[in-house]
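Working notes, structure below.
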Amino acid sequence: MEEKGISHNNSLLEKSKPYIAMVCLQFGYAGMNIVTKVSLNGGMSHYVLVVYRHAFATAVIAPFALVLERGIRPKMTLLIFAQIFVLGLLGPLIDQNFYYLGLKYTSPTYACAMSNMLPAMTFVMAVLCRMEKVHLKKLRCQAKVVGTLVTVAGAMLMTLYKGHVINLVWSSHVRPAHTTSAAAAAAAVAAADKDWAKGSILLILATLAWAAFFILQAITMRKYSAHLTLTTLVCFMGTLQSIVVTFIMEHNPSAWNIGWDMNLLAAAYAGIITSGIAYYVQGVVMEKRGPVFVTAFSPLMMIIVAFMGSFILAEKIYVGGVIGAVLIMMGLYSVLWGKYKEYKEQEAEIPEVIKGGNNNKEMANTIVEDHDHLELDEYDDVESQRNAVELASRVPNVVISSPMPQPPMLAMEAPMKGGRV
């Protein structure tokens, strides 16, 4: 009885591990948004932050890639190198710079809400690239299309409408550092509104680049299966590209200065936690529970950031942002529901195919056994027996195999998926 109880507890713990891992991961992502926001507000250049972040990520992932994938790396070709080069442009360079700049102009909660558009944008790109087919007569396809439209509507609402400020109990006790005149306050509000619209556009562009990154990554991983090595190369390529862009855009040499301060914490935290550990955790969970399970936790990050931001940064939450975030979450789960149903349909097709293959194989083996019995009884001489066995061996064993296609929208078998590169 006691052994059964221990076995039940162990089974429950084993089933809970993916949930615990993904919840902890969302706290890690939320912390990255808060720490990065503080660093950017403190004057750190987002160009320099991207360079240091991916330098940390490369240094952390490279040793694991060298040790764990020794001897199994595919041959590097010109096409794969070109794809890695473009991945470095889309992820570390374009996505991260636009995301950090949008985060600087808006707020962590707003940036996380915009990031929930990722599955819908990836779905649209997958359809355009003919990686996914849309059958409008099927309910799951209708859910994906409607979810995409609702997600876009939520993003547009968040961009064009702010509304009144929602006063939270704990944030109302936080006072501004200094007071200003009415005219200065009005000018500051107008400038903030302008920056808010600019930040919204930057976040949408960043999410588009992120979606394109996932599509190209899915294509690259078909030919380059060493996932840790691919992650290391993309981070290293992104670091080199970011250095070039930073030299062009950032003319102040002092911007590269970094000490034992929030800037170092932001770069190290983002590089090690959200570009290193997160890759591994997402990969393990995705291998066990599938990509849909991993993506479904992304709205939790927005909720965590909203509370952390209001506590730590006294962040203002607007009515338009809340309504838009709710629409984006509804659209997100509509798309994910459609992908989940599609994934289950594809999963259900495999046992039927295998079962059919096994039935054919059993039938063939029965024919062989009956043939052996008849022939060996009928012929007594060795030559006749040999001919009978030879004839029986010509009956084929039918084996039918059918690879299960992966959902293109979330084709993230390696940890590059769910957090930002």
Side-chain angles (χ1 to χ4, degrees), residues 20-61 91-118 199 202-203 206-207 209-210 213-214 231 234-235 238-239 242 258 260-283 285 294-295 297-313 315 325 412 415-421:
I20 297 173
M22 291 310 303
V23 170
C24 292
L25 204 58
Q26 300 313 309
F27 276 97
Y29 282 132
M32 184 274 293
N33 279 274
I34 299 297
V35 171
T36 301
K37 177 67 174 178
V38 174
S39 177
L40 294 174
N41 288 348
M44 185 176 188
S45 169
H46 61 89
Y47 296 110
V48 177
L49 179 58
V50 171
V51 173
Y52 284 138
R53 168 178 176 169
H54 291 94
F56 274 109
T58 304
V60 169
I61 302 173
L93 187 61
I94 299 175
D95 167 46
Q96 288 300 313
N97 277 292
F98 282 2
Y99 183 81
Y100 282 154
L101 194 55
L103 177 64
K104 184 178 181 179
Y105 286 144
T106 57
S107 69
T109 304
Y110 189 89
C112 292
M114 281 292 189
S115 297
N116 287 328
M117 295 177 61
L118 176 66
L202 289 169
L203 289 171
T207 309
W210 198 11
F213 175 88
F214 281 141
T231 303
V234 170
C235 289
T239 304
S242 300
I258 190 169
W260 295 96
D261 51 12
M262 184 60 70
N263 296 342
L264 177 63
L265 177 62
Y269 185 101
I272 297 174
I273 302 298
T274 59
S275 293
I277 296 176
Y279 289 169
Y280 173 76
V281 173
Q282 285 179 170
V285 175
V294 173
T295 314
F297 283 82
S298 59
L300 178 60
M301 174 180 61
M302 181 182 66
I303 299 172
I304 298 171
V305 168
F307 282 99
M308 291 177 65
S310 62
F311 272 115
I312 300 172
L313 304 176
E315 178 186 337
M412 286 289 298
M416 305 267 290
K417 59 272 97 6
R420 292 185 172 273
V421 179

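- Using a distance-only test at 3.5 Å, with no hydrogens or angles considered, no donor-acceptor pair links the side chain of K104 to the main chain of N41.
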Walk me through it: do H54 and Q96 pass the test side chain to side chain contact (heavy atoms under 4.5 Å, CB included)? CA-CA 10 Å; H54 291 94; Q96 288 300 313; 3.6 Å; yes
Would you check, one step at a time, whether the test side chain to side chain contact (heavy atoms under 4.5 Å, CB included) holds for F213 with I94? CA-CA 10 Å; F213 175 88; I94 299 175; over 6 Å; no
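- Distance check: C24 SG to I277 CD1 gives 11.5 Å after rounding to the nearest 0.5 Å.
- Minimum interatomic distance between T207 and M114 (heavy atoms only, all atoms of both residues): OG1-O, 3.8 Å.
- In this structure T106 satisfies the side chain to side chain donor-acceptor pair (under 3.5 Å) test with no other residue, sequence neighbours excluded.
- Considering OH of Y269 and CG of L264, their distance stands at 14.5 Å, rounded to 0.5 Å.
- The shortest heavy-atom contact between T109 and A306 is OG1-CA, 3.1 Å.
- Nearest heavy atom pair, residue M301 against residue A30, reads CG-N, 4.0 Å.
- Going from atom CG of N97 over to atom OG of S242 covers 6.0 Å, rounded to the nearest 0.5 Å.
- Atom OG of S39 and atom CD1 of I258 lie 7.5 Å apart (nearest 0.5 Å).
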Start with the C-alpha distance between L103 and T36, add both sets of side-chain angles, then the distance that settles side chain to side chain contact (heavy atoms under 4.5 Å, CB included), and finish with yes or no. CA-CA 9 Å; L103 177 64; T36 301; 3.9 Å; yes
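- Counting heavy atoms from C-beta on, the side chains of I61 and F56 never come closer than 4.5 Å.
- Rounding to the nearest 0.5 Å places CZ of F98 at 11.0 Å from CG of L203.
- Shortest non-hydrogen contact noted between I273 and G28 is CG2-CA, 4.4 Å.
- Contacts of A270 classified as side chain to side chain contact (heavy atoms under 4.5 Å, CB included), with partners at least two apart in sequence or in another chain: M32, R53, Y100, T274.
- Taking every heavy atom of both residues into account, Y29 and N33 meet most closely at O-ND2, 2.9 Å.
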Audit row: M262, L265, side chain to side chain contact (heavy atoms under 4.5 Å, CB included) steps and yes/no: CA-CA 5 Å; M262 184 60 70; L265 177 62; 3.8 Å; yes
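- When all heavy atoms of P92 and G238 are compared, the closest pair comes out as CB-CA, 3.7 Å.
- One distance of note links OH of Y52 with OG1 of T239; it measures 12.0 Å at 0.5 Å rounding.
- By the side chain to side chain donor-acceptor pair (under 3.5 Å) test, S107 pairs with E315, sequence neighbours left out.
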